[in-house]
Every structure is written in structure tokens, then in C-alpha cells.
Amino acid sequence: MYPLSSSTLTLAEPKTEYGSKNYQWVEVLVDCPYAEGLYTYAIGDEMEVKAGDILSVPFGNSVVGAIALKLVSKPPETLEIDQIKTVEDVITSGFFPPRYWELLTKVSEYYLTDLIYVIKCALPPKLLGKSQKRVRLLFDNIPQGAENFCPPMAWRVLQLLQNSKNGDYTFSYINQKVKGARRGINDLVKRDWVQTYLQPPAKAKPKYLKVVTFISENSATTITQKQRDVLAILKTNGGELSQPDLMQKCELNSNSVINSLAKKGCVVIQERESLRLLQNSAPKKDLPKVLTEEQQCAFEKISGLQGFNISLLHGVTGSGKTEVYLRAIAPILAEKKSALVLVPEIGLTPQLTDRFRARFGQQVCVYHSGLSDGERYDTWRQMLTGEPQVVIGTRSAIFAPLPNLGMIILDEEHDTSFKQSQPAPPYHAKTVAQWRAELVNCPLILGSATPSLESWQLATQGQNSPESEQKKYYLSLPNRVYNRPLPPVQIVDMRHELRKGNRSIFSHALGNALGNLKEEGKQAILFISRRGHSTFVSCRSCGYVMECPHCDVSLSYHYPKEGATQLLRCHYCNHTQIHPKNCPECGSPYLKFFGTGTQKVLLELQKAFPELKILRFDSDTTSTKNAHRRILEDFEAGKADVLIGTQMLTKGIDLAQVTLVGVVSADGLLFHSDYRASERAFQTLTQVAGRAGRGDDPGQVIIQTYSPEHPVIGAVQTHNYSAFIATELEQREALDYPPYGSLILLKCTGADGNKVREAVEAIADVCEQILPDDVEILGPAPANVMRVARRYRWQILLKSLEPFSHELKQQLLTLKQYCPSMVSFNIDVDPIRIE
């Protein structure tokens, strides 16, 4: 093992050697926080290693994951041969398509993140791993009465191991449970009562399944009737079935009958790999729809473009953007290429996947973090085959290893979920999608009813380029399909409702509309900006507010149903405690709940309209696998009249029976200390309003607010995107905010508030010295919520009218040296949220 300079990273692109027979050494990137640069390892005589392989290598006292970057015929001259360690194992091969390394390197350089973290972000889980140090109890070596002469620390460790199921725990777990456990473990090792060992990294493994294949019925002289029945079922199913399926169809309790047939030569039983692909729906076959004139124009423009280009498909809600995607992808698949479709949330994938599978069948697969490790591993390998397919996924799917990529689509491109904040790298899927489209020379389509200001500016300015140089296009779908009207938006001033004596969370207008749902046989969506029951709990006697002990925020009250345990929960660190009956400060029983969350709306709705059936759709109810699909399918099937939810409701839900959309309180979206607050509020309200009236019946939208005069509310009411964006762009330009300027956010966090403040102040002083005059330094300042999970947060915002150069960004990396070890330093390039 030998470290090379970290500056060699960008030169270490894999070459095209396929095998290591002529190479004895390999340079690798090691998955270890303190490993810098490349390390050289020897390749064993019986081992085949290729550039891009994922390896397991010894590193210090551990075995860690590594990426083979470059095969070399001789090691560095400064290194003795006997110092070089040997590669332990090849975890997997061929996981990187052509030009993939260029993309990962670009992400690493632009977002100022070590390449290994970019690779870990791109790969499915468990391909890179680290050995774990474990402690195993030697039961037979423990003498009688050990507690009488065993030191206290060693005895506590011994008791912990004896109470475990197998007498075996990780070293870190024992340290967590017994303070200072290291000394006790060493004592037990000397006594030979325990032993320590390294557990190799867990590997992602293929799944194998036994398959039964029919050979001949005449090869055996005697066949029982039961065996004949098995062969008959096998023949009627194409002559081949997996053993579990065959046993189920034949109602067999054991595999003895099948094994007997195999011995008689009637069938063959083979183990084959079974891909764990998410195939949880088989929608009815769908044929291409007749396009509107506007859809046809957009489709012809997209299909007529060659090579890399960017098209912004700006279509109002219900204008048929998905049909344009489907029509544009069909010729891509016909050319034996693949398409990548990104959506902002996992909750969007079920409906969109069904639409695509209805058109393209089993050529559609899904890739996102909600899949099991095995499903992600197998889906990744399925993509590597090069078979023409459509991959639908969330932001991490931008790294899907499709070797013949012919088109990339970002649906709801404006959504901030496309930006990753943690862990590193803090990439934006839209930016990476543009780089990838350029690298593979394919079109990129950005679709939205409310495009981000950056995409609007990019596409509309591109229209002014000479036709020969034009690479950016603006395509408009200003009308809904079948000439359906956009729903009228009624704004209700809740101050007037209060003056009229209405203290309910529902205005008279919304209450009446909800009351008519059952009679009309229609459905409604209610949007609330927060989950939970109430935003905070306060004592009416002394004013004390229940706060999180780990964060500088109030605790939200959660009460999902009558009779349930009343809980207080922090939406930042997930600290949870039982709601007290009395104020912890003064003992008063008079605690009041303030604010409105999804749980409270649900309870109030059940009281006011007991005849209505209600479903909740937020992160509390969709945490289990396939929960998004189940809730939406139940609602679409008419099992509920009202769907209550948070931001998830605003994204891509297309339900024909929904004629009413109610926004319980728009004010929770309007007032945030962030330069993007108005843009996000407009996008959210416009998108949720667009869920109404998508079927044959006209829709209705009711927005309740205490600020009806707010310009965002006015723009939403008139569906006037152009007016809103013109005003917003003018304000952004005056302050040099994106899309006119570039931002970098420097963040310091740590458990000691004083140390964090001192570090960020030192960094600000250095920034004043090293940054050019045209870079504006805002801060240092505490984050909006200064303390989260017992860690204090301070930040500095750098603003420049010109894009930050690579050289300047590299200078920012040197700022980490001004932070003590207990303070973390992070750089967020192109931040979406500043809070």
C-alpha cells in the first residue's frame, strides 16, 4: 500500500485494459475518511482486476472497499516491493459505462467533494464496505466465580457479552454501552476469555433461484399420477418454472416429487440468478393518445433535434407533458437506446411508472432509495446490460449506468428535492443531468408547469442564439388537454371569517364545498404545509413553549387518532417525548396547541364531516415500502373522499375524480427568510391547485390565508406565471442572486457553540484576504435554527456576479485548516436553501 499525491486523482482515469495479466499492480481510491490520494496494491497471481472494479483491500488494521482506477506495470520507484500489500478480493466488475468517470470527476471538482464520496453516492449500497472489529466470548474459558477476581471494567464487558444471544458484539457497540471498555476488553483478551477479530465487509450478492425444466415424459418407466400432474402443469407453463412457483401451482408441501422426476430424467433442476427488480404493477396496455396541436408541435421539435440540447417544456398542469415524454421516448427505444426519467420524490414514481409500463411494458424499471439493497444492486446490473430500457427514479438515478443513453428527462424540474444537501456531494441533479447529456451527446428535457427561474432564463435566452449554434429551446403547452379550463381559484381572507365568528380551521366556502362532496360523488385534496397536529405547544398561564432539548426549535404536537398516545416530536432531530399533562415550568394544566398540521386537520375534518372517508398522505404515513402506491391506489379506487397531505400532494398526482382542492393555510409558505421563498410558495400553490379539474368535471380551488394581498397569492389566483416571474427576476437581478449571480455557502457546525463561532469568524477574516473584491461576503451569521441535534450552526454566504472559477474554489478548500478538529466545515456550491 502506498499513497500518491492527491493531485494525481484527475489523471487517474481508467484505461481500456480488460484484465491484469500484464499488470502486477493497481492504483486504487480507498474508502476511508483519512485516506488521501491513490494507493498502490499488488494483484494476486490468480486474480483478474480491471480499471473500474470494486475491490476489497487491507488498509491499516481494517479491510476496506476501494475502486481500481489504473493498472500499472511497475510500482513507484520510492517503494520497496515487499511493502506493497495485496488486493484481498474483487467485489464486482464492470460497474461503470463509457465516459462515466468523466461525469464523476466533474461532480467531484465542481462540488469540491472527494471523488470517493461521489462514487459512494453513485453506487448502490454495500458495494463499498469496511471490515468491523468484533469481540467474541470464549464460553468454555470462563472459570467459575469469575466475578470475584475480574476487574470491574472487564466484568461489565463480560456481562454485556454473556447477555447477548451469541456472545458476540462489535467493538464500537461495546464502547457505546460501557464507557472506557477498551481497557476491559484488553484485560479479557489477556485472560483468553474473549477474542477480537475482523469481520469482512458485507457484500451485495446476486440472488439465485432453482428452476425446473421439462425434458421428457418417456425417459422413465414408472411415473406416479402425482408426478404426471406436475409434468402436465410444467408443460402448460412453457416447460419451465421456478421451483417455488411449481410447488405452489401443484400444491406440493415438499420438493420430493420434483426431485424424483429429476432422478428419472424427466426434468432438470438448475440454479439461476433471479434479478430483484421492482415489478409491483402490471397496468393495462395503453396506446399513444391523439396529441393536441401544441403537444404535436412540442413533440416534433424534440424529435427533430440531434445530439446534445436542452428543451424546457413549460406546460400548465394537465396539459399532457407526460404524453409528450412517452412519444419522445418511443423512437429512442426503437434505436436500441435507453431513456432516463427523473422525478423529485419517491411518491411520484408509482403513478408515473404505471403510465410508462402501460406504454412500454417490462422495459421500464425503477431506481430510488426506497428499494431494498438487493433491488438496487440488481437494477443497477440490469441497466449495465445495454438493453433498451426506461429508468424512472429520483435524483440519485442521474448516476444510473446506462451505456446507451439516448435521452434524459427531468419532470417537475423546478423542485428543490433535486438538490442534495447531505451527505456529500451537495449536487443538483439538473446540473449533473446537463453535464451527462453533454458527455453522451443526447437531449435533455426539463418539464414543469412552474419552471425554476434558472431554467426559464436558460431556455428563453437560448432562443436568441443563431439557429446554427442553438442548443436551448423553450416549448410551451399553455392549455390543458381536451380544452379543459384551469380551475378558478377563490381566495378566502381568514381575518373576515374570524370577524364573522367562524373560529373553525375551515372557512364557510371550504366547509360548504366539503359538505357537498358526498352528494356529488366527487373527491377533494386538502393541502397543509406541515405534518403533525400542531406547530407548537404553549402554556396559557406562563407562556412557556415546549422546546426540543437538542435543537433551537419548538416541539410539534402529534396526536394521530382519538385514544392514541399524545406525543411531542422534533421535526429536525426526531426527538420524541410524551406530552405532559402540566406545564414543566409552572405546573399549570392549561396547555394550548398552536398552528395546524395534517393530524389536526384530519381530526377536525372527522368531527365536522363524519360521513367523509379520509386518507392522510405525508412522511408519517408513507414511511413503509410501497405506502405511496397503496394510499394513492385506495384513493383512486374511491375508498376515500378526501386526501390530506403535505408537499407530496403537489407533485404529479393525476386523479380524474378530484374536483376540489383546498389550501388550509397558505401563510406557512409565504414568510421565510430565504431569497427563494416567493418562488417556492408560487410553485407549491400553483402545483397543488393544478390537481383539481383534471377529469371531465370542472375543478375548484379554495385558498385560505391571512395575507390575501401578498403578490404570490394574486399571481396564483390569476394563473399568471409570466407576471410573477418578471417581478421576481427583476428583484433577483437587483440583488445579484441566481440566475444572475452565483452563490457558495460555507457552513461550520459543532457541539461547542463558542468554538464554532470562533472558527467561522476566522474563516470570514481569511475570506476577506483571499477573495477578489467582486465577491461579496455575507456573514458570518448563525443559521435560522442555530442548534440542531445538539450541534451549533454558523454560515457565510459568498455571492459573485460571475461564476466562481475552479482556482477560486480550490482556495476555499484550504479554509478547513482554520477549523479545530471538533468543528465540521462544509462547502455547499449553488445552495438552494439558505436557512
Side-chain angles (χ1 to χ4, degrees), residues 6-14 29 36-37 67 69 96 99-123 308 310 340 342 395-401 405 408 410 413 416-442 444 446 452 454-455 457-458 471-472 737-747 767 770-772 774-775 795-816 825-834:
S6 59
S7 63
T8 62
L9 281 179
T10 55
L11 303 176
E13 293 178 11
L29 194 63
E36 294 184 0
I67 305 290
L69 290 194
F96 301 99
R99 308 214 70 176
Y100 196 80
W101 281 101
E102 292 178 62
L103 179 70
L104 298 185
T105 303
K106 193 172 181 70
V107 172
S108 169
E109 292 176 350
Y110 185 83
Y111 289 106
L112 302 175
T113 303
D114 288 344
L115 183 57
I116 189 65
Y117 293 118
V118 180
I119 293 168
K120 288 177 73 172
C121 173
L123 290 176
F308 166 70
I310 302 174
L340 179 57
L342 300 187
R395 64 172 177 254
S396 62
I398 190 55
F399 298 109
L405 187 55
I408 303 175
L410 262 77
E413 66 81 27
T416 56
S417 298
F418 281 123
K419 168 76 172 179
Q420 175 152 304
S421 54
Q422 286 184 337
Y427 71 95
H428 199 300
K430 182 165 57 178
T431 304
V432 181
Q434 184 173 339
W435 295 337
R436 190 163 189 190
E438 285 184 275
L439 284 171
V440 301
N441 198 33
C442 80
L444 169 63
L446 307 175
S452 66
E454 288 86 348
S455 296
Q457 191 84 331
L458 179 76
K471 293 288 183 183
K472 303 173 181 70
Y737 278 114
Y740 298 100
S742 298
L743 301 177
I744 290 180
L745 189 64
L746 309 179
K747 299 186 283 188
C767 285
I770 67 172
L771 296 180
D774 58 351
V775 175
Q795 56 198 25
I796 300 168
L797 183 65
L798 307 180
K799 184 164 60 169
S800 172
L801 195 55
E802 297 297 324
F804 290 94
S805 67
H806 176 70
E807 293 72 24
L808 192 148
K809 284 183 178 179
Q810 292 301 309
Q811 281 187 292
L812 296 179
L813 286 173
T814 65
L815 296 173
K816 187 174 183 178
F825 176 67
N826 292 291
I827 303 174
D828 187 357
V829 179
D830 302 335
I832 290 293
R833 292 182 181 271
I834 303 169

J.: Partners of Phe825 by ring pair (Phe, Tyr, Trp, His ring centres under 6.0 Å), sequence neighbours excluded?
T.: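 None.
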J.: Anything under 30° is parallel, anything over 60° is perpendicular, the rest tilted; go ahead and classify Tyr100 against Phe399.
T.: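 Perpendicular: the ring planes of Tyr100 and Phe399 meet at over 60°.
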J.: So do Pro426 and Leu745 actually touch side chain to side chain, heavy atoms under 4.5 Å?
T.: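 They are not in side-chain contact.
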J.: Is Pro423 close to Lys120 at the side-chain level, that is, under 4.5 Å between some pair of heavy atoms?
T.: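 Not in contact.
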J.: Please table the atom pairs, donor to acceptor, closer than 3.5 Å between any side-chain atom in residues 802-813 and protein atoms at least two apart or in another chain.
T.:
from: Ser805; atom 1: OG; to: Leu808; atom 2: N; distance (Å): 3.1
from: Lys809; atom 1: NZ; to: Tyr110; atom 2: O; distance (Å): 3.0

J.: Please name the pair of heavy atoms, one in Gln420 and one in Pro425, separated by the smallest distance, quoted to 0.1 Å.
T.: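 Smallest interatomic distance, heavy atoms only, reads NE2-O, 3.5 Å.
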J.: Within the structure provided, determine whether Leu815 and Ile770 are in side-chain contact (heavy-atom separation under 4.5 Å).
T.: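 Yes - at least one pair of side-chain heavy atoms lies under 4.5 Å apart.
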J.: On a heavy-atom basis, which atom in Cys121 and which in Tyr427 lie closest, and how many Å separate them?
T.: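 Looking at all heavy atoms of both residues, the shortest contact is SG-CE2, 3.5 Å.
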J.: Quick one: does Leu798's side chain get under 4.5 Å of Leu743's, heavy atoms only?
T.: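 Heavy-atom side-chain distance check fails, nothing below 4.5 Å.
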J.: Please report the closest heavy-atom contact between Ala429 and Ile398, naming both atoms and the distance.
T.: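 That would be O-CG1, 4.1 Å.
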J.: Could you tell me if the side chain of Trp435 sits less than 4.5 Å from the side chain of Glu102, heavy atoms only?
T.: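 Side chain of Glu102 against side chain of Trp435, heavy atoms only: no contact under 4.5 Å found.
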J.: Got a sec, which residues hit ring pair (Phe, Tyr, Trp, His ring centres under 6.0 Å) with Phe418, two or more places apart in sequence or on another chain?
T.: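 Applying ring pair (Phe, Tyr, Trp, His ring centres under 6.0 Å) to Phe418 gives none.
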J.: Could you give the distance from CD1 (Ile310) to NZ (Lys471), rounded to the nearest 0.5 Å?
T.: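 Ile310 CD1 to Lys471 NZ: 10.5 Å, rounded to 0.5 Å.
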J.: Is it true that Asp828 and Lys419 have a side-chain N and a carboxylate O under 4.0 angstrom from each other?
T.: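 Result for this pair is yes, salt bridge flagged.
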J.: Measuring from atom NZ of Lys472 to atom CG of Leu446, what distance do you get when rounded to the nearest 0.5 angstrom?
T.: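 Lys472 atom NZ to Leu446 atom CG measures 11.0 Å (nearest 0.5 Å).
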J.: From Lys747 NZ over to Ile827 CD1, what is the distance, rounded to the nearest 0.5 angstrom?
T.: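 CD1 of Ile827 is found 11.0 Å from NZ of Lys747.
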J.: Answer yes or no: is there a donor N or O on one side and an acceptor on the other, between the side chain of Glu413 and the main chain of Ser452, under 3.5 Å?
T.: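 Present.
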J.: With rounding to the nearest 0.5 angstrom, report the CD1 to CZ distance, Ile408 to Arg436.
T.: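 Answer rounded to 0.5 Å: 6.0 Å.
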J.: Testing the basics here: between Arg99 and Leu439, what is the closest heavy-atom pair and its distance to 0.1 Å?
T.: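 Shortest heavy-atom separation between Arg99 and Leu439 comes out as NH1-O, 3.1 Å.
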J.: The test is side chain to side chain contact (heavy atoms under 4.5 Å, CB included); show your working for Leu405 and Leu340 and say whether it passes.
T.: CA-CA 8 Å; Leu405 187 55; Leu340 179 57; 4.0 Å; yes
J.: Using the rule given for side chain to side chain contact (heavy atoms under 4.5 Å, CB included), can you reason through Tyr111 versus Val118, listing the C-alpha separation, both sets of side-chain angles and the distance that settles it, and then say yes or no?
T.: CA-CA 10 Å; Tyr111 289 106; Val118 180; over 6 Å; no
J.: Measuring from Leu69:CG to Ile119:CD1, what's the distance to the nearest 0.5 Å?
T.: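 Leu69 atom CG to Ile119 atom CD1 measures 6.0 Å (nearest 0.5 Å).
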J.: Taking atom OG of Ser800 and atom CG of Leu771, what is their separation to the nearest 0.5 Å?
T.: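 With rounding to 0.5 Å, OG (Ser800) is 9.5 Å from CG (Leu771).
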J.: Can you check whether Gln795 reaches Ile834 side chain to side chain, under 4.5 Å on heavy atoms?
T.: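 Yes, their side chains come closer than 4.5 Å.
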J.: For a quick test of reading the model, state the closest non-hydrogen atom pair linking Leu115 to Leu104 and the distance between them.
T.: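 In this case the closest contact between Leu115 and Leu104 is CD1-O, 3.7 Å.
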J.: For the residue pair Thr113 and Val107, establish whether any side-chain heavy-atom pair is separated by less than 4.5 Å.
T.: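 A side-chain contact under 4.5 Å is absent here.
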J.: Between Asp830 and His428, is any pair of side-chain heavy atoms under 4.5 Å apart?
T.: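 No. Closest side-chain heavy atoms not under 4.5 Å.
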